[in-house]
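Written below as structure tokens is the structure these notes are about.
Residue numbers run from 1 in the order of the sequence given.
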Amino acid sequence: MEPVLIVLIVLVVLVFIALIKTIQVIPQASAAIVERFGRYTRTLNAGLNIVVPFIDTIRNRIDLREQVVPFPPQPVITQDNLVVNIDTVIYYQVTDARAATYEVSSYIQAIEQLTVTTLRNIIGGMDLERTLTSREEINAALRGVLDEATGKWGIRVNRVELKAIEPPTSIQDSMEKQMRADRDKRAAILQAEGVRQSEILRAEGEKQSQILRAEGEAKAAALRAEGEAQAVRTVFEAIHAGDPDQKLLSYQYLQMLPKIAEGGANKLWIVPSEIGDALKGLSGAVGNLGAMAGGSPSGGGSGAGGTTVPPQNDGRNNPTERRERPTID
């Protein structure tokens, strides 16, 4: 019984191994290459697949998702004989598992070497300044070459990015000094423009304020003149409405004489010729008042207390009299 039991156990194990070899589960976004006696048979897609055990073998399992591969810095010489180190990142995807397995031994290494050689060709036709400022142009040219070369390998290059471009240390120092000088220049220009704009705004403000001040003064003068004219008109109308006689006018003349004589520098002053008539009228009025009171009338010709000079013409057909300053007690 024991040999029969051992044989049964061996058979069960063989059947179990055969089942494992027969059923192949491929994950999503993956593929597997099947060979039969060393020759390509078919490609297994995602899901449950059945193969012939001990005859069909799985050669390679390939990830069909997009892959990201960074490459180490590579020294590249520019057109102006400067060495720069460039880091690149490749985004690729396997589109044909069979071609990726049989057309190239190691597509990762092949892509890396192709990237380096293509990058040297592209950078060799550019100077340093253009290299630093033409990343998009370099990426597009590199991607075009890689996509064309890797198409027969079953690889599609989706994107190529230059991660870093490092020029020599001496060039970096020179570039930093140049950038610092440019920043200082721009700062000085902006400061000068700010000062100029400030002066322009200040000048415009002063101009506007002077214009407004002048307009205000003009309006004030107009209103002042209008007020004075209205005052004169009111006085004139009041005088005509009151119908003053000669005596009242003579009295008003006498009241104005001290104001005319005010000021220490008034040595000679001119009064209208009507003053004499006013004084005569006032003298006559006083004389009549004295006669009525029983007194003697006072003389009126010299009531002003000054020396009379011959009348002069003031150029406006109004004769005036030149009188010296009277002595007012």
Side-chain angles (χ1 to χ4, degrees), residues 1-76 86-122 138-164:
M1 290 294 297
E2 291 183 358
V4 175
L5 182 61
I6 294 174
V7 172
L8 290 176
I9 293 173
V10 171
L11 289 176
V12 170
V13 171
L14 291 176
V15 170
F16 181 76
I17 295 174
L19 290 175
I20 292 176
K21 293 287 186 177
T22 302
I23 300 174
Q24 296 290 331
V25 178
I26 305 301
Q28 183 65 33
S30 298
I33 302 300
V34 178
E35 292 181 348
R36 180 172 293 176
F37 301 113
R39 184 178 180 180
Y40 170 76
T41 302
R42 60 191 174 120
T43 300
L44 300 182
N45 296 319
L48 183 64
N49 296 273
I50 304 299
V51 297
V52 178
F54 306 108
I55 296 176
D56 294 340
T57 58
I58 303 299
R59 165 70 185 272
N60 192 13
R61 294 178 182 269
I62 298 176
D63 193 347
L64 300 180
R65 294 175 297 178
E66 185 174 7
Q67 304 294 321
V68 181
V69 179
F71 295 143
Q74 299 293 330
V76 181
I86 300 180
D87 296 351
T88 55
V89 178
I90 303 297
Y91 296 82
Y92 74 93
Q93 185 177 8
V94 177
T95 58
D96 188 353
R98 177 182 177 279
T101 304
Y102 296 106
E103 295 295 333
V104 61
S105 61
S106 177
Y107 54 85
I108 296 296
Q109 186 178 1
I111 292 175
E112 180 181 1
Q113 297 301 320
L114 184 60
T115 300
V116 172
T117 55
T118 306
L119 191 61
R120 288 177 179 174
N121 292 332
I122 295 173
I138 297 172
N139 293 339
L142 192 58
R143 179 182 177 278
V145 174
L146 290 177
D147 196 19
E148 181 181 0
T150 57
K152 63 180 181 180
W153 300 340
I155 306 294
R156 183 180 64 223
V157 177
N158 296 326
R159 294 181 61 185
V160 179
E161 295 292 340
L162 301 183
K163 187 167 62 175

Once you round to the nearest 0.5 Å, how far does [atom1] of [X] lie from [atom2] of [Y]?
X    : Y    : atom1 : atom2 : result
E103 : T101 : CD    : OG1   : 10.0 Å
S30  : I62  : OG    : CD1   : 9.5 Å
I155 : I90  : CD1   : CD1   : 12.0 Å
D56  : R36  : CG    : CZ    : 4.0 Å
Q74  : T117 : CD    : OG1   : 10.0 Å
E66  : R159 : CD    : CZ    : 8.5 Å

*So, the side chain of T118 versus the backbone of L114: is there a donor-acceptor pair under 3.5 Å, distance only?*
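Side chain of T118 to backbone of L114, a donor-acceptor pair under 3.5 Å: yes, one is there.
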
*If only atom types and distance count, is the side chain of T95 paired as donor or acceptor with the main-chain N or O of G154 below 3.5 Å?*
yes

Does any part of the side chain of [Y], heavy atoms only, come nearer than 4.5 Å to the side chain of [X], both counted from C-beta?
X    : Y    : value
I33  : Y102 : yes
V116 : F71  : no
R120 : V76  : yes
Q93  : N158 : yes
I58  : L44  : yes
E161 : Y91  : yes
P73  : K163 : no

*Any idea which heavy atoms bring I26 and A32 closest together, and the distance?*
CD1-CB, 3.7 Å

*List the atom of Y107, the atom of V94, and the distance in Å for their closest heavy-atom pair.*
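The pair with the smallest heavy-atom distance is OH-CG2, 4.1 Å.
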
_Please determine whether side chain to side chain contact (heavy atoms under 4.5 Å, CB included) holds for the pair L119 and L162, giving the CA-CA distance in whole Å, both sets of side-chain angles, and the decisive distance to 0.1 Å._
CA-CA 10 Å; L119 191 61; L162 301 183; 4.1 Å; yes

_D63: salt bridge (Lys or Arg N to Asp or Glu O under 4.0 Å) partners, not counting sequence neighbours_ =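 D63 satisfies salt bridge (Lys or Arg N to Asp or Glu O under 4.0 Å) with R65 once adjacent residues are dropped.
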
*Residues which pass salt bridge (Lys or Arg N to Asp or Glu O under 4.0 Å) with R39, listed by chain and number, not counting sequence neighbours*: none

Which side-chain N or O atoms in residues 45-54 pair as donor and acceptor under 3.5 Å with protein atoms at least two apart or in another chain?
residue, atom, partner, partner atom, Å
N49, ND2, N45, O, 3.0
N49, ND2, G47, O, 3.2

*Check the pair L146 / V160 against side chain to side chain contact (heavy atoms under 4.5 Å, CB included), numbers first and verdict last.*
CA-CA 9 Å; L146 290 177; V160 179; 3.8 Å; yes

